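One structure below.
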Amino acid sequence: MGKWRSLLRLMPFVRPYRGRFALGCLGLLAGSLLALPGPLLIGQVTDRVFLGSRSLEQLLVYLAVIAGLYIVGYAVSIATQTAFVRINNLVVNDMRTAVMSKVMDLPMSYLSGVEKGYVQARIQECSSIGTLFTPSVISTFFTVVQATMAIVTMFVLNWMLALVVVGLAPVVLLTSRSSGRALAAGAKENMESTATLNAACFEIVNGIEDIKILNGKAPHLKLFAEKIARLVESGVKLGRMGVVFMGNILLVNNATSLLILFVAGLLILHGQFTVGLFLTFSQYSTQVFSSTTSISTLITFLKPVCLGTERLYELLDMAAEDGPGAHELTEPIRRLDFEDVSFRYGDELPLVLGGVSFSIDAGERVLLQGANGSGKTTILKLLLALYRPTSGRITINGEDSCNLRSADLRRRIAVVSQSIFLFHGTVLDNILLGQQGKTRSDVEALISRLGMERFFSRLADGLDTEITQSSSSVSGGQAQVIALVRALLSDSDVMLLDEPVANVDAEARDLVVGCLERGQFNGMLIVISHQTEGLEFLRRRIRI
Ligand SMILES: Nc1ncnc2c1ncn2[C@@H]1O[C@H](COP(=O)(O)OP(=O)(O)OP(=O)(O)O)[C@@H](O)[C@H]1O
């Protein structure tokens, strides 16, 4: 029961579309009601026209009424299904957006521990929850109404035959339920095989360059073929189960039809029943049995929905990186202090920083030095509130940075990191990313002030050069210069540069270091570098 209750947690996602949802439900109810008179009218036309009056006029009247019901039913069904398809898509995409937004707010201490592709998988899981809003699943709830009305009508017409139909319903239910369970288990296995195949594809595409260099095609293809073989095997098994499932349902339906034919036949032979009523009963019993089958498979459908909902909220309920009391940072950063800061990346991991203390004031230019792995980059990450100190505190203008909104803090701190990630889009898009109120002309003015026009004109399409993830349209050194322009454009109070002169050619090095040396940035400057050559203008040194 606890599991089913988790479905109630989906209410906030349905609420924005409650009008549409209510209309859709009304449509389904109307569809169920419209399906009710059909069998009764067919029975009547048989008894009253074919076996009675034999009047063409009367036949046409019946046909017109039945056709009218079918046409209205068709229109209602199309409108209802379209409404639910729309609701399904909207709800699923709202969930995806909520998950993505939450993921972006989660602390790095969690995110750095999750595997690649995991978040992607969690976002994809939302579509399994969307199954709940597909017309076929929602309509199952309404087939119960339809089946109940059919049973009531049958009891009114002939209680004895109605009892036979009702008595047979559990047989249909149990048959489809047991075959459905096997089908669900097969589907799970097939999904697992698909996921492992996807993981293999992801790895091959990701490491394609190294696979080529290392001549690794043959072993990777072998591994890929093994995964394909597993998928084929589970696909065939699933297909066989599907055939057996349908076969079993057909078998039971045929057996029940035969039994109804037998009982109705006896009643007709004794003059207690008519041929028309038999036709009516046949159609109603089909409605009852198909509703029974849908209900039994509904449970199979709802299980992954419940599981998906639980997993969705597991993520949405996680604590975000900013505590509820975090407040705005309204004034510029004038001073920052590390007060006896210690840090480890995980409870089980060793200390990276042990009791680090220093203070930096506005306008200071600092070179942060230390051996490989001593924690220099970690200090920058702590400053950016990507991680929180394990002990000690970092204060900004005297206030504990844990109490400040991290987005405000990051707006005031520009970064040129060691490994620059450029996003899909143009060079200009990347420079303007996250810059409020800045335009192309601001970028062009800055480039000209920095004397970097020649550098940018050498890119394939200048500022409009497309950055693609697969082919590097800019080199590492070029990315460094782009990141510096982005940092300078942001009018931040603090600038952090992690190894700006490593792995770059003389030109990029002169462009990056030169413009800092010439005082193009007058705020607090913190540079991490193993090399000191050319960085003499950074008067203060902090060693950790
Ligand atoms: N996300 C992480 N999870 C666990 N350990 C990490 C993580 N990031 C860094 N470390 C570890 O923390 C230590 C310090 O790393 P950091 O990058 O801060 O050093 P660094 O002084 O900048 O090194 P370098 O001079 O080589 O760039 C290293 O041992 C590193 O392996």
Side-chain angles (χ1 to χ4, degrees), residues 102-120 122 206 315 318-322 336-360 364-394 401-402 406 409-410 413-421 476-477 479-480 483-484 487 494-505 508-509 512-513 516 524-536 538 540-544:
K102 183 69 196 199
V103 165
M104 286 191 197
D105 285 341
L106 287 176
M108 283 306 296
S109 51
Y110 168 77
L111 292 172
S112 62
V114 293
E115 282 184 35
K116 255 189 188 178
Y118 177 79
V119 173
Q120 198 185 343
R122 293 300 287 261
N206 238 6
L315 216 138
M318 283 174 87
E321 58 181 349
D322 286 346
L336 64 88
D337 292 89
F338 266 58
E339 298 175 6
D340 199 21
V341 172
S342 296
F343 177 75
R344 61 175 93 240
Y345 277 99
D347 295 342
E348 311 294 315
L349 296 174
L351 271 183
V352 173
L353 299 172
V356 173
S357 299
F358 60 81
S359 305
I360 307 178
E364 273 198 276
R365 302 169 139 216
V366 178
L367 180 64
L368 193 60
Q369 290 179 298
N372 284 128
S374 57
K376 302 178 296 295
T377 304
T378 304
I379 286 184
L380 301 196
K381 289 178 184 169
L382 288 168
L383 253 175
L384 288 160
L386 291 172
Y387 296 89
R388 304 293 185 186
T390 308
S391 66
R393 57 179 208 150
I394 300 166
S401 70
C402 290
S406 39
L409 202 63
R410 290 168 199 160
I413 305 177
V415 191
V416 179
S417 64
Q418 209 168 358
S419 53
I420 290 146
F421 186 87
Q480 198 95 9
L484 179 78
V494 180
M495 192 183 304
L496 311 175
L497 289 99
D498 197 352
E499 294 291 358
V501 290
N503 310 319
V504 294
D505 68 9
R509 185 189 164 119
V512 174
V513 177
L516 294 174
M524 190 187 290
L525 182 62
I526 304 171
V527 180
I528 293 176
S529 178
H530 287 287
Q531 300 173 36
T532 50
E533 195 193 324
L535 297 175
E536 291 79 8
L538 302 168
R540 189 170 160 208
R541 309 267 153 113
I542 296 177
R543 268 206 90 80
I544 56 155

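Indexing begins at 1, ligand by ligand and atom by atom, following the structure's order. This structure is a prediction, so every number in the text was calculated from the model and none was measured.
In this model, no donor atom of one side chain and acceptor atom of the other lie less than 3.5 Å apart for S417 and D498.
The nearest heavy-atom contact from the protein to atom 22 (O) of ligand 1 is T377 OG1, 2.7 Å. Scanning the protein for heavy atoms near atom 9 (C) of ligand 1, the closest one is Y345 CE1, 3.3 Å. Closest protein heavy atom to atom 25 (O) of ligand 1: K376 NZ, 2.7 Å. When hydrogens are left out, the protein atom nearest atom 26 (O) of ligand 1 is N372 ND2, 2.9 Å; that is the closest non-hydrogen contact.
Between F343 and ligand 1 there is no heavy-atom distance shorter than 4.0 Å.
Residue G373 holds the heavy atom nearest to atom 29 (O) of ligand 1 of all those in G346, G370, G373, S112. Comparing heavy-atom distances from atom 13 (C) of ligand 1 across L382, V352, L111 singles out V352 as nearest.
Using a 4.0 Å cut-off between charged nitrogen and carboxylate oxygen, R410 and D322 do not count as a salt-bridge pair. A salt bridge is absent between E536 and R365: the closest approach of a Lys/Arg side-chain nitrogen to an acidic carboxylate oxygen does not fall below 4.0 angstrom.
Closer than 4.0 Å to atom 17 (O) of ligand 1 lies at least one heavy atom of the protein.
Each of the following atoms of ligand 1 lies closer than 4.0 Å to a heavy atom of H530: 25 (O). Taking every heavy atom of T378 and a limit of under 4.0 angstrom, the matching atoms of ligand 1 come to 14 (C), 15 (O), 16 (P), 18 (O). Less than 4.0 angstrom separates some heavy atom of A371 from each of these atoms of ligand 1: 21 (O). Close contacts between ligand 1 and Y387 involve ligand atoms 1 (N) [criterion: under 4.0 Å to a heavy atom].
Considering backbone and side-chain atoms together, E499 places no N or O closer than 3.5 Å to any N or O of ligand 1.
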Before giving the answer on side chain to side chain contact (heavy atoms under 4.5 Å, CB included), spell out for K381 and M108 the whole-Å C-alpha distance, their side-chain angles and the decisive distance to 0.1 Å. CA-CA 10 Å; K381 289 178 184 169; M108 283 306 296; over 6 Å; no
Going through the distances and angles, do Q480 and V416 end up as a side chain to side chain contact (heavy atoms under 4.5 Å, CB included)? CA-CA 7 Å; Q480 198 95 9; V416 179; 4.0 Å; yes
Evaluate I526 against L383 for side chain to side chain contact (heavy atoms under 4.5 Å, CB included), listing each step before the verdict. CA-CA 11 Å; I526 304 171; L383 253 175; 4.0 Å; yes
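None of L484, I528, L516, V527 except one satisfies the side chain to side chain contact (heavy atoms under 4.5 Å, CB included) rule with P500; the exception is V527. Among I360, L368, L367, the one residue that satisfies the side chain to side chain contact (heavy atoms under 4.5 Å, CB included) test with R540 is I360.
Ring pair Y387/F343 is perpendicular by interplanar angle, where above 60° counts as perpendicular and below 30° as parallel.
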